[in-house]
Amino acid sequence: MKKIIKRMACFGIAAALITVSAMADFVDMPQDAAQKTALLNAVENGLLNGVGNNEIAPYASITRAQMGAIIVRAFGASKKKNIDGFKDVSKDAWYYDEMSKAVAMGAFAGDGENLNPDGAITFQEAFIVLSRVFGLKYVDDNCLDRFPDKATVAPWAEDGVKKVVSGGYYNGETIRADEPISRVEFAVVMNNLVKNYIDEPGTYTSLPAGNTLIRCDGVILDGIVCPDYIIVGDGAVKTKIINADADNIVIRGGDVEISGLFGYVRAIMAGTTITPDTGHINVKTYADGSRGVISAEAEGSAINLSQTM
């Protein structure tokens, strides 16, 4: 049986891909088509929920705790880290478990004493979180030059902001780095970042264009050609990417067996492992002379490869 990817919808084909009734239930949907699409996809894929009274509150800000809960849901994370050392986090708070998972993911680090869970998250803070959890790379180091307010980007945030902007995931006319990001603005960025979600185990032999996030265990990608990111989420235990031609694989969860031709394969979380399938493994050589890399970047991650690369 052919496996179906839960794909981010475009309005022309939305009815064939997801249920559109969710959008109709909200009375405060924006008129802008791109924003509507992004919010619909965020609801459908479990990132955002309504706030009551048939409202989605598109222009409300997002707290850091809410952002943590969204990221945890997006990646299917379950591992926790002790956050009792932070002075501003109560064990009785609704977000305690979610923030403990978000910290374990590396999404949030705090300032050593506080996590500021109730503070509104700014554009630059949100971009740092996204760059960390998606393992984004630079594309254009001068990407902020087009923004008249680029000076609002703090030095400590520049790396994460550049990674999101240079990847084409944020397309605003100004960067507004120190301003709170709204729910709809965050939804638009996520809609650009992830085009496909895989939520069902099974074998997939092709992927639609755009970045793909694997959120379940037992997925096999066989013979896929993908120039975009493939992110193996925290909820995966065993994944296979075999006979592949892929440029960017980011491993956040479990053991991933690989074979084929690869650009960058990166294990970025402790406890993740890259192991060979029965096929041969090669790395790409790009037009600028650079070569791909298979790497275990996190302490506690590992590479168990025996084939010549």
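Keep in mind that the numbers below use all heavy atoms, side chains included, and drop hydrogens, waters and symmetry copies.
- Between Asp228 and Lys195 there is no salt bridge, since none of the side-chain N atoms of the basic residue sits less than 4.0 Å from a carboxylate O of the acidic one.
- When side chains are defined from C-beta on, Ser259 counts as touching Asn243, because their heavy atoms get closer than 4.5 Å.
- Although no hydrogens or angles enter the test, the distance criterion places no donor-acceptor pair under 3.5 Å between the side chain of Arg183 and the main chain of Ala60.
- At least one side-chain heavy atom of Leu39 sits less than 4.5 Å from a side-chain heavy atom of Leu48.
- The shortest side-chain heavy-atom distance between Val153 and Phe147 does not fall under the 4.5 Å cut-off.
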Using salt bridge (charged side-chain N to carboxylate O under 4.0 Å, His left out), reason through Arg215 and Asp234 one step at a time and then give a plain yes or no. CA-CA 7 Å; Arg215 303 200 289 188; Asp234 300 55; over 6 Å; no
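- In the hydrophobic clustering of ILVMFWY residues, with side-chain heavy atoms under 4.5 Å counting as a link, Ile281 and Val225 come out apart.
- Looking only at distances, a side-chain donor or acceptor of Thr37 sits under 3.5 Å from a matching main-chain atom of Ala33.
- Under 3.5 Å, the side chains of Tyr169 and Asn191 contain no donor-acceptor pair of N or O atoms.
- How far CE of Met67 is from CD1 of Ile121: 4.5 Å, rounded to the nearest 0.5 Å.
- Using a 4.5 Å heavy-atom cutoff, the side chains of Pro30 and Tyr59 are in contact.
- Of all heavy-atom pairs between Asn304 and Thr273, the closest is ND2-CG2, 3.2 Å.
- A donor-acceptor pair under 3.5 Å is formed between the side chain of Asp149 and the backbone N or O of Ile175.
- By the 4.5 Å heavy-atom criterion applied to side chains, Pro58 and Asp28 are counted as neighbours.
- For an aromatic pair to be called close, the ring centres must be under 6.0 Å apart, and Tyr170 with Phe127 satisfies this.
- Put simply, the side chain of Asp32 gets close to the backbone of Gln35: a donor and an acceptor are under 3.5 Å apart.
- Contacts of Arg176 classified as side chain to side chain donor-acceptor pair (under 3.5 Å), with partners at least two apart in sequence or in another chain: Glu179, Glu185.
- Of the possible donor and acceptor atoms, one in the side chain of Ser90 sits under 3.5 Å from a partner among the backbone N and O of Asp92.
- To the nearest 0.5 Å, atoms CZ (Arg266) and OG (Ser301) are separated by 11.0 Å.
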Could you go through Val265 and Val250, starting from their C-alpha distance and side-chain angles, then the distance that decides it, and tell me whether this counts as side chain to side chain contact (heavy atoms under 4.5 Å, CB included)? CA-CA 6 Å; Val265 182; Val250 176; over 6 Å; no
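- Partner of Asp255 under the side-chain contact (heavy atoms from CB on, under 4.5 Å) criterion, out of Val232, Thr275, Thr272, Thr239: Thr275 alone.
- Between the Asp277 side chain and the Ile258 main chain, no donor and acceptor come within less than 3.5 Å of each other.
- A donor-acceptor pair under 3.5 Å is absent between the side-chain atoms of Asn53 and the main chain of Glu55, judged by distance alone.
- Tyr204 is connected to Ile251 through a chain of hydrophobic side-chain contacts under 4.5 Å among Ile, Leu, Val, Met, Phe, Trp and Tyr, so both are in one cluster.
- Residues Met190 and Leu47 share a closest heavy-atom pair of CE-CD1, 3.7 Å.
- The stretch residues 87-107 participates, sequence neighbours left out, in no ring-ring contact (aromatic ring centres under 6.0 Å, His included) pair at all.
- Between Lys80 and Asp97, at least one side-chain nitrogen of the basic residue sits less than 4.0 Å from a carboxylate oxygen of the acidic one, meeting the salt-bridge criterion.
- Lys162 NZ to Ser131 OG: the interatomic distance, rounded to the nearest 0.5 Å, is 12.5 Å.
- Note: Ser206 OG to Ile224 CD1 = 9.5 Å, rounded to the nearest 0.5 Å.
- A pairwise comparison of heavy atoms in Asp217 and Lys238 identifies OD1-N, 2.6 Å as the closest pair.
- Val51 is not connected to Met29 by any chain of hydrophobic side-chain contacts under 4.5 Å among Ile, Leu, Val, Met, Phe, Trp and Tyr, and they are in different clusters.
- A salt bridge links Asp145 to Lys150: at least one charged side-chain nitrogen sits closer than 4.0 Å to a carboxylate oxygen.
- Smallest separation of non-hydrogen atoms from Glu125 and Trp156: CG-CH2, 4.2 Å.
- No side-chain heavy atom of Asp222 sits less than 4.5 Å from a side-chain heavy atom of Lys240.
- Rounded to the nearest 0.5 angstrom, Ile70 CD1 and Leu130 CG are separated by 10.0 Å.
- Taken from NZ in Lys163 to CD in Glu158, the straight-line distance is 11.5 Å, to the nearest 0.5 Å.
- Contact record, Arg146 with Gly172: NH1-O, 3.2 Å, taken as the closest heavy-atom pair.
- Ile268 and Ile128 end up in different hydrophobic clusters when Ile, Leu, Val, Met, Phe, Trp and Tyr side chains are linked at under 4.5 Å.
- Residues forming a side chain to side chain contact (heavy atoms under 4.5 Å, CB included) with Asn116 (at least two apart in sequence, or on another chain): Arg64, Asp88.
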What verdict does the side chain to side chain contact (heavy atoms under 4.5 Å, CB included) test give for Val164 and Phe123, after you've listed the backbone C-alpha separation in whole Å, the side-chain angles of each residue and the deciding distance to 0.1 Å? CA-CA 11 Å; Val164 171; Phe123 275 86; over 6 Å; no
Determine, step by step, whether Val293 and Val283 satisfy the side chain to side chain contact (heavy atoms under 4.5 Å, CB included) criterion, reporting the C-alpha distance in whole Å, the side-chain angles of both residues, the deciding distance to 0.1 Å, and the verdict. CA-CA 7 Å; Val293 176; Val283 294; over 6 Å; no
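- Taking 4.5 Å as the limit, every side-chain heavy atom of Phe262 sits out of range of all side-chain heavy atoms of Asn248.
- Checking side-chain atoms of Gln66 against main-chain N and O of Thr63 turns up a donor-acceptor pair under 3.5 Å.
- With contacts defined as side-chain heavy-atom distances shorter than 4.5 Å, the pair Ile56/Asn49 does not qualify.
- With hydrogens and angles disregarded, no donor-acceptor distance shorter than 3.5 Å links the side chain of Arg252 to the backbone of Met269.
- Counting only N and O atoms by type, the side chains of Thr212 and Asn196 include a donor and acceptor under 3.5 Å apart.
- In this structure, Leu144 is a member of the same hydrophobic cluster as Val189, with clusters built from ILVMFWY side-chain heavy atoms closer than 4.5 Å.
- Summarising the geometry of Phe26 relative to Val43, their closest heavy-atom pair is CE1-CG2, 4.1 Å, with the distance given to 0.1 Å.
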